[in-house]
Number of protein chains: 2
Amino acid sequence: MRPTVHDIAAAAGVSLATVDRVLNQRAGVRSVTRQRVEAVINDIGYVRDMAAANLAKGRLYPLVFILPASDNSFMHSLHAEARQAISRAGSERCSIRIIEVKAFDPAALVAALDSLAGADIAGVALVAVDAPEVRDAVERLVQAKIPVVTLVSDLTGSARHHYAGIDNIAAGRTAARLLGRFLGGRKGEVLVLAGSLLVRDHRERLEGFSAMMEQEFSALTLLPVLEGLDDPETVNGLVTKALADNPDVIGIYSIGAGNRGLIRALRARAAGKALTVVAHELTDYTREALQDGLIDVVLNQDAGHEVRSAVRVLKAKADGLAVIAAQERIRLDIFLKDNLP
Amino acid sequence: MRPTVHDIAAAAGVSLATVDRVLNQRAGVRSVTRQRVEAVINDIGYVRDMAAANLAKGRLYPLVFILPASDNSFMHSLHAEARQAISRAGSERCSIRIIEVKAFDPAALVAALDSLAGADIAGVALVAVDAPEVRDAVERLVQAKIPVVTLVSDLTGSARHHYAGIDNIAAGRTAARLLGRFLGGRKGEVLVLAGSLLVRDHRERLEGFSAMMEQEFSALTLLPVLEGLDDPETVNGLVTKALADNPDVIGIYSIGAGNRGLIRALRARAAGKALTVVAHELTDYTREALQDGLIDVVLNQDAGHEVRSAVRVLKAKADGLAVIAAQERIRLDIFLKDNLP
DNA sequence: CTGTTAGCGCTTTCAC
DNA sequence: GTGAAAGCGCTAACAG
């Protein structure tokens, strides 16, 4: 059996209370005693049984998830996963509260963050809007020793403890290479469709995409980026018009959400020139389009993994423990019609 | 606070012992009493605190990992991940023992499995060799109520509780589509390189690959499959010869390990016709080759995820608990030089 | 059949 | 400064 506090106490000739004080670095122990105890701890290779400690403490991890009230499939699934996490919270000694805020609105986000100031909170996860005032609000929480994790979209220059999301620059580069290689050296134009360039993840995808295109696929010309605000209707209109206006388009990269509109436009199009399409986020719509051959590649981030990872990281940070780095790396999933889950 | 056994006892007017007997479905309770207690349990929405229960029981999960003693990078990393799991085992109340067996040897595997018969084991994970005698040995463990998980390679028609590995047919199909699309309709021959068609994962990859090639990329002809036994030297020889003998090869699919040899052959080749190459498993060698443009795509399975998943699943099965299915799905990772971790 | 009691490994009063 | 003792939620003897 693993050594316990009793073993330490016996070996060091002190009481359990003293051992506990040393283990938890609380005051009230002569430094001679402390050192004796610490020596024993190292000696016998003691490691604390966290489960027992949490039981004794009645430890609870009150976590808060701040999520945008966006009406697109990806955000829906992020919400769903967060609710799933809530249903599991009991057995993991944590309680999760979801706060919904207006999307793309720094002020609303700041208000939500500041509302957490006094509260008894073990950690906060938020989908960041990349603005200085948000960065400052996060800074205040970090100062107050509250672990903070950004989710899906990161916050430039912020002190957040961790980012649970994909590398969006790499995602953009990957999209570019797949599109470029699939088009196999053909000459033509590429349509790029973003949600909004005010969010960091979309900006970064575009950045990676443009750089790679310029560098490796000079036969392809990028048309000016369209911003569809992740809204199906808007996207549909923009794409329909752009395809009509630009007969040389042979590829599309859809950076954001609202792919429902894109797919509608693709379906409506007279089956003319073949189009190669790369889009983000696997939803019911993009899955179907992939199967129908309307979309060629879907790049995806696993919302479930992101939420579970955020919970694990927040709990670990709350206790000052390390995480398994590889487990918390959020992968860029690449889906063709052949490897759909 | 969540309701506890005390609350149940009080509400049902019985003692803790009786509550415990009901909770653990042990005998020795009149069915009237049992029903009364069960009613209360449902009423107040009790859920057992597993951590406390395990503490009281002094529960330990003795797990066994049976791994092949193969000398290739992937198996090395699988071993490494298993050792990592051992180092974490303490804090997860489990003890993990690794048994090494001769690779591709059903008899050795059966011997290892049978050696576990009497032992106090909470679960077994094995890299299966797909043979009837292995299936039978697994069957015996399952009969003995020991949870069994296959790792990396599955066992046909077996009663194992779970498979922690990728969908290899989908992997083969994906390889085919990527190769086909990257080659963009060009006419030519494709070299297929397997480790051994005696292992199920390689067979399945080939199956998926061939089917997709035939179905969608008829401009490409598959050469007879070469078996390199996952051995770098052998692979190197085979590839060098095949490329010399078949000047029309424009694509390669490397199904198994031993890619060190493939890469050496590619480097040695006079920089002639461009070759499109899809290989499996991200190792130091394939990573470098990807960066150098020698390999175009690496399909990968995350050994760390597989090991962690196997541990979680075995523990859950040992307690008769459910797992989070999505978390235990092992993804097919697709790496281009642009999204390397 | 049912209840009492001690105890898992750790923390936390409250005395000394 | 230090220690004794009770208790977290659950289980496991051992009595009755």
Side-chain angles (χ1 to χ4, degrees), chain A residues 1-38 40-41 44-61 89-95 122 318-321, chain B residues 1-38 40-41 44-61 89-95 122 318-321:
Chain A
M1 260 303 178
R2 272 164 52 186
T4 75
V5 278
H6 289 93
D7 301 322
I8 303 175
V14 296
S15 75
L16 289 183
T18 300
V19 173
D20 189 65
R21 282 189 267 262
V22 173
L23 280 175
N24 294 290
Q25 356 221 34
R26 260 175 281 122
V29 187
R30 261 186 318 169
S31 74
V32 226
T33 320
R34 164 161 314 226
Q35 273 158 22
R36 188 150 37 96
V37 174
E38 276 167 348
V40 172
I41 292 176
I44 63 180
Y46 169 84
V47 279
R48 184 212 251 81
D49 180 336
M50 257 302 179
N54 283 341
L55 173 59
K57 282 201 278 235
R59 181 89 158 99
L60 243 187
Y61 300 83
S91 34
E92 296 168 5
R93 303 198 82 83
C94 64
S95 75
D319 292 331
L321 297 177
Chain B
M1 259 303 179
R2 272 164 52 188
T4 74
V5 277
H6 290 94
D7 302 323
I8 304 175
V14 297
S15 74
L16 288 184
T18 301
V19 173
D20 189 64
R21 283 189 267 262
V22 173
L23 280 176
N24 294 289
Q25 357 221 33
R26 259 174 283 123
V29 187
R30 260 189 317 171
S31 75
V32 227
T33 321
R34 159 155 317 204
Q35 273 157 22
R36 187 150 38 96
V37 174
E38 276 167 348
V40 172
I41 292 176
I44 63 181
Y46 169 84
V47 280
R48 184 212 251 81
D49 180 336
M50 256 300 175
N54 282 340
L55 174 59
K57 280 202 279 235
R59 182 87 157 102
L60 242 187
Y61 301 83
S91 34
E92 296 168 6
R93 302 199 82 84
C94 64
S95 75
D319 292 333
L321 297 177

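For the pair A:Tyr61/A:Asn54, a side-chain contact is recorded, criterion being any heavy-atom separation below 4.5 Å from C-beta on.
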Let me have the donor-acceptor pairs involving side chains of residues 26-35 of chain A, under 3.5 Å, with sequence neighbours excluded, atom names and distances please.
unit_1  : atom_1 : unit_2  : atom_2 : d
A:Arg26 : NH2    : A:Asp20 : OD2    : 2.6
A:Arg34 : NH2    : A:Arg26 : O      : 2.9

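For B:Leu16, the side chain to side chain contact (heavy atoms under 4.5 Å, CB included) criterion is met by B:Val5, B:His6, B:Ala9, not counting sequence neighbours. Not counting sequence neighbours, the partners of B:Arg59 by the side-chain hydrogen bond (donor to acceptor under 3.5 Å, both in side chains) test are B:Asp319. With sequence neighbours excluded, no residue forms a side chain to side chain contact (heavy atoms under 4.5 Å, CB included) with A:Leu60. Among residues two or more places apart in sequence or in another chain, the salt bridge (Lys or Arg N to Asp or Glu O under 4.0 Å) test is passed with B:Arg48 by none. Listed by chain and residue number, A:Asp49, B:Leu55 satisfy the side chain to side chain contact (heavy atoms under 4.5 Å, CB included) test with A:Ala52 (two or more places apart in sequence, or in another chain). With sequence neighbours left out, the side chain to side chain contact (heavy atoms under 4.5 Å, CB included) criterion links B:Ser91 to no other residue.
At the phosphate of C:dT2, neither OP1 nor OP2 sits under 4.0 Å from any side-chain N or O atom of B:Ser15.
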Going 5' to 3' through nucleotides 7-13 of chain C and flagging B where a protein heavy-atom sits under 4.0 Å of the base, S where only the sugar-phosphate is that close, and - otherwise, we get BBBBBB-

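A 4.0 Å heavy-atom criterion places the boundary nucleotides of DNA chain D facing chain B at D:dG9 to D:dA12, written 5' to 3'.
Under a 3.5 Å cut-off, the side chain of A:Asn24 and the backbone N or O of A:Arg21 do not form any donor-acceptor pair.
Between the two ends of the helix from C:dC1-D:dG16 to C:dC16-D:dG1, each summarised by a five-pair axis, the helix axis turns through 40° (rounded to 10 degrees).
Between B:Pro3 and B:Gly45 the shortest heavy-atom distance is CG-O, 4.0 Å.
Heavy atoms of B:Val19 sit nowhere under 4.0 angstrom from any nucleic acid atom.
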